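For reference, the structure discussed in these notes is given below.
Residues: numbered from 1 along the sequence shown. Note that the structure is a prediction, hence the values are computed from the model and not measured.
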Amino acid sequence: MSNDKRDNKKEKERKKDCAFRRSLIIMLLVVLMPVAAFGEDAAGAFTPSRGQKAVRTSTDVILVALPAAALATTLIKQDWEGLKEGAISAGVTIGATMILKYSVKENRPDMSNRHSFPSGHASVTFAAATFIGKRYGWKYSIPAYALSTYTAWGRVYGKKHHWWDVAAGAAIGAASSFIFTHPYMKKHEVAIVPVATDTEAGLACSFKF
């Protein structure tokens, strides 16, 4: 491959990474602005309503289901490099979240304990969503980000976190996966080309293990 072609390829990859970063920042802003605006009331002793209890439970389910979906995707694709990158991202996300929780010691809005900052639910779900998007493409991450958005809102609505807790958690999770995850298609040199004969037409796919 000539130097010009290599330079063009690197420039295209750089532009894709820049576009990914911009999209991620915009998505985080879109997610967190309504959470900040509508999520929180006055502090103090708090007994959750039936609806708030239901939302809390649903966010607990998503906390487990979303990383499980990311793990299942890597296993189905036999993407062992992705599995390693996902494990590193998860480790960094959880480690940073727990260190901050036990260092900052911020009271939760419902006054249940002093581990409000940052939100572990937001950090884990946004890490999983960003991993899926960075590794396998944005179209696969749309439902994951929708669930992450709901989780961030739900933790504030359910009085388990302040809005800045979920903002910090989302940033930690998204940044961890963005840093440690590489695109699956680039790694495996996936190529999809049209194929046509006298009797049929279709697409041929090839990739490198």
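- Between Met111 and Lys159 the shortest side-chain heavy-atom distance does not fall below 4.5 Å.
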His115/Val104 under side-chain contact (heavy atoms from CB on, under 4.5 Å): CA gap, chis, key distance, verdict: CA-CA 8 Å; His115 303 310; Val104 177; over 6 Å; no
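- Distance check: Leu63 CG to Ser58 OG gives 11.5 Å after rounding to the nearest 0.5 Å.
- Under a 3.5 Å cut-off, the side chain of Ser148 and the backbone N or O of Thr125 do form a donor-acceptor pair.
- There is no path of hydrophobic side-chain contacts, each under 4.5 Å, that joins Ile88 to Phe131.
- Taking NE2 from His162 and CZ from Arg108, the interatomic distance works out to 9.5 Å, rounded to the nearest 0.5 Å.
- Heavy-atom minimum distance, Ala168 versus Pro118: CB-CB, 3.9 Å.
- The shortest heavy-atom contact between Thr59 and Gly154 is CG2-CA, 4.1 Å.
- Distance check: Ser119 OG to Phe126 CZ gives 9.5 Å after rounding to the nearest 0.5 Å.
- Between the CD1 atom of Ile62 and the OG1 atom of Thr149 there is a distance of 10.0 Å, given to the nearest 0.5 Å.
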Test side chain to side chain donor-acceptor pair (under 3.5 Å) applied to Thr74 and Asp79, step by step: CA-CA 5 Å; Thr74 61; Asp79 179 14; over 6 Å; no
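- For the residue pair Thr97 and Ser123, a side-chain donor N or O sits within less than 3.5 Å of a side-chain acceptor on the partner.
- Atom NZ of residue Lys139 and atom CD1 of residue Ile132 lie 14.0 Å apart, to the nearest 0.5 angstrom.
- Atom CD1 in Ile99 sits 12.0 Å away from atom CD1 in Ile94 (nearest 0.5 Å).
- With Phe117 as the aromatic partner, Lys101 does not meet the cation-pi criteria of under 6.0 angstrom to the ring centre and within 45 degrees of the ring axis.
- A donor-acceptor pair is defined here as one N or O able to donate and one able to accept, closer than 3.5 Å; no such pair exists between the side chain of Thr130 and the backbone of Ala127.
- Between Glu106 and Trp164, the side chains place a donor N or O and an acceptor N or O closer than 3.5 Å (distance only, hydrogens not considered).
- Side-chain contact between Thr151 and Val166: absent, with no pair of heavy atoms (C-beta onward) separated by less than 4.5 Å.
- Remark: side-chain polar atoms of Ser49 are paired, donor with acceptor, to backbone N or O of Gln52 under 3.5 angstrom.
- In this structure, Trp138 and Tyr145 have parallel ring planes: the angle between them is below the 30° cut-off, well short of the 60° mark.
- Note on ring orientation: taking the six-membered ring where Trp is involved, the planes of Tyr157 and Trp153 are parallel (angle under 30°, cut-offs 30° and 60°).
- For the pair Asp110 and Pro48, the minimum side-chain heavy-atom distance is 4.5 Å or more.
- Within 6.0 Å of atom OH in Tyr150, more than 12 heavy atoms from other residues, nucleotides or ligands are found, so the atom counts as buried in its surroundings.
- By the criterion of side-chain heavy atoms lying less than 4.5 angstrom apart, applied directly or through intervening Ile, Leu, Val, Met, Phe, Trp or Tyr residues, Val124 is grouped together with Tyr102 in one hydrophobic cluster.
- Side-chain contact check for His182 versus Lys134: every heavy-atom pair is 4.5 Å or farther apart.
- Side-chain contact between Arg155 and Asp165 is absent, with no heavy-atom pair separated by less than 4.5 Å.
- Looking at Asn107 and Ser116, their side chains never come closer than 4.5 Å, going by heavy atoms from C-beta outward.
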